[in-house]
There are 2 protein chains.
Amino acid sequence: MTNASTAMARKTNSKRGIRESNELLILEAAEQVFAESGFKGATTDAIARQAGVPKANLHYYFSTKEILYNRVMEDVCSHWLAAAQSFDKTDDPSTALRGYISAKMEQARKRPYGSRVWAMEVLRGAPAINSYLHTVLKPWYEERTKKLNGWIEAGKMDPVDPQALFFMIWATTQHYADFAHQISVLNEDNNLSDTQYARATEQVCQIILKGVGLKQQS
Amino acid sequence: MTNASTAMARKTNSKRGIRESNELLILEAAEQVFAESGFKGATTDAIARQAGVPKANLHYYFSTKEILYNRVMEDVCSHWLAAAQSFDKTDDPSTALRGYISAKMEQARKRPYGSRVWAMEVLRGAPAINSYLHTVLKPWYEERTKKLNGWIEAGKMDPVDPQALFFMIWATTQHYADFAHQISVLNEDNNLSDTQYARATEQVCQIILKGVGLKQQS
DNA sequence: GTCTATACGTTGATAGAC
DNA sequence: GTCTATCAACGTATAGAC
């Protein structure tokens, strides 16, 4: 009985271990392929090849391409939320904006495929994340808009439209992931080095902070 | 002979007229469908339906999907160039940047599909416009970088990295076309009105100009 | 859990009547 | 120049042996 249940547990764990590791492998490959070709353009065959598993195996773990895509979008959305939280670590506008911009830039650097999948999804009209946009992004955006307006009323920064500011931050930071190929062409066909990327992050912070009337700090 | 050549000319003109108008119809539909689904995801059938012509007819005018796509990209690139020219209408940095940003914003408003096709193309690694990026975009970018550095050395604006500035302008202005769906979700599910869009343009100019140490003007 | 073989729909492209 | 019918290639998904 003990042996049996131990064996069963081991087997179950083993199964879960295999399942989890294979799902991870496939999800990672899917994020990349979906980022390159979009939902329609991506093929389960290409994803399977990228993951190094037979196509039938992919369908064993994710019965349909749409289910796999939705799982990828869930991951991407959860990472967006993680970066978004860095906005709330302080009540000082300069520190908050600088921290948020830096977090977004770091994310664009470390998870470029996630950013691109998001871009692809929005470009096609965001059918898969429509509810997420309404129930998560919009409330987040409205709360932070209030916060910004509070700072503006307190005279801590220029009376800018929070909407324009957020769009500028999102667009600019995500540009470094989404348009990486174009950027490399303008950089002698090399991706930005760590040094160049750190400098870019600093420049983005500087221009935006000064642009909304905030002193450099933090 | 006169009659014959007149008849032939008329027939030729007629043919050309039909060809041009049908090609235009198909190109317009193609720009839209490619913008929504990317090169791989778009189907010639969907494009033909969008254009209101039989699929076989589309293939009569554009023998392959790739040729059609390249024609669409040519159009998109030529429009990019047109907006880029507004940068050179003056030697005053404030006026030049404001004019360029406004032109890009107007283009994002009037030709959103063009912007999205460009974005889709760069997202997949820009195989179709690779040579264009090297022979047109890069030289343009390097020339204007020199111009900006000249202004900086002359003390007319802050010593910002021209690269970061251009990326910010491109990213932000194109965001209004590429992420229009997301923007509408944050705007009570309505597209930005003309008034809102004018305000957004003004805000983008204001933040960026101030951000690089330029006085408002023009 | 793995993988080969395959069913079955879709897509790009063409043939050939009008 | 237009359009129906068609085909080969490719795509998703599954069956069934291991």
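Predicted model only: the values in this text are computed from it and were never measured. The analysis underlying the following values was restricted to heavy atoms, covering all of them including side chains, and did not include hydrogens, waters or symmetry mates. Quick note on labels: first sequence line is chain A, next is B, and so on, each numbered from 1.
- Toward the 5′ end of DNA chain C lies the nearest nucleotide of A:P54, the other residue of the pair B:E66 and A:P54 mapping further downstream.
- Rounded to whole angstrom, the span from the NZ atom of B:K40 across to the P atom of D:dT12 amounts to 11 Å.
- B:R116 places a side-chain N or O within donor-acceptor distance of the main-chain N or O of B:A177, the cut-off being under 3.5 Å.
- Between A:Y60 atom OH and D:dA15 atom C1' there is a gap of 15 Å when expressed in whole angstrom units.
- When the P atom of D:dA13 is taken as reference, atom CG of A:D45 falls 13 Å away, rounded to whole Å.
- For the pair B:A96 and B:F87, the tightest heavy-atom approach, listed with the atom from each and the gap, is CB-O, 3.5 Å.
- The side chain of B:I18 lies closest to D:dG1, out of C:dA13, C:dT11, D:dG1.
- In this structure, A:F62 places its CZ atom 21 Å from P of D:dG11, rounding to the nearest Å.
- Regarding contacts with the backbone of D:dA13, a side-chain N or O of A:H59 is found under 4.0 angstrom from either OP1 or OP2.
- Side chain of A:N57, nearest nucleotide from D:dA13, C:dG12, C:dT2: C:dT2.
- Separating the CD1 atom of B:I67 from the C1' atom of C:dA13 is a distance of 12 Å, rounded to the nearest angstrom.
- In this structure, CG on A:L81 lies 9.0 Å from CG on A:L137, to the nearest 0.5 angstrom.
- One can find a donor-acceptor pair under 3.5 Å joining the base of C:dG12 and the side-chain atoms of B:K55.
- In this structure, A:K65 places its NZ atom 9 Å from P of D:dG11, rounding to the nearest Å.
- The CH2 atom of A:W170 sits 12.5 Å away from the OG1 atom of B:T172 when rounded to the nearest 0.5 Å.
- Residue B:T44 places no side-chain N or O under 4.0 Å from the OP1 or OP2 atom of C:dT11.
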Considering only nitrogen or oxygen atoms on both sides, find all protein atoms under 3.5 Å from nucleotides 15-18 of chain C and state each distance.
none

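- Using a 4.5 Å heavy-atom threshold, the side chains of B:R111 and B:E31 count as touching.
- Within 4.0 Å of A:A42, counting heavy atoms only, lie sugar-phosphate atoms of the nucleic acid but no base atom.
- Rounded to a whole Å, the CG atom of B:L68 is 15 Å from the C1' atom of C:dT11.
- Going from atom CD1 of A:I26 over to atom P of C:dG1 covers 11 Å, rounded to whole Å.
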In sequence, state the C-alpha distance, the side-chain angles, and the governing distance for B:W140 and B:Y100, and then conclude on ring pair (Phe, Tyr, Trp, His ring centres under 6.0 Å). CA-CA 14 Å; B:W140 184 93; B:Y100 182 48; 5.7 Å; yes
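- The shortest distance between side-chain heavy atoms of B:M120 and A:M120 falls below 4.5 Å.
- Between A:N22 and C:dT2, a side-chain N or O to OP1/OP2 separation shorter than 4.0 Å is present.
- Contact annotation for A:Y61: backbone-only contact, meaning every heavy-atom pair under 4.0 Å involves sugar-phosphate atoms and none involves a base.
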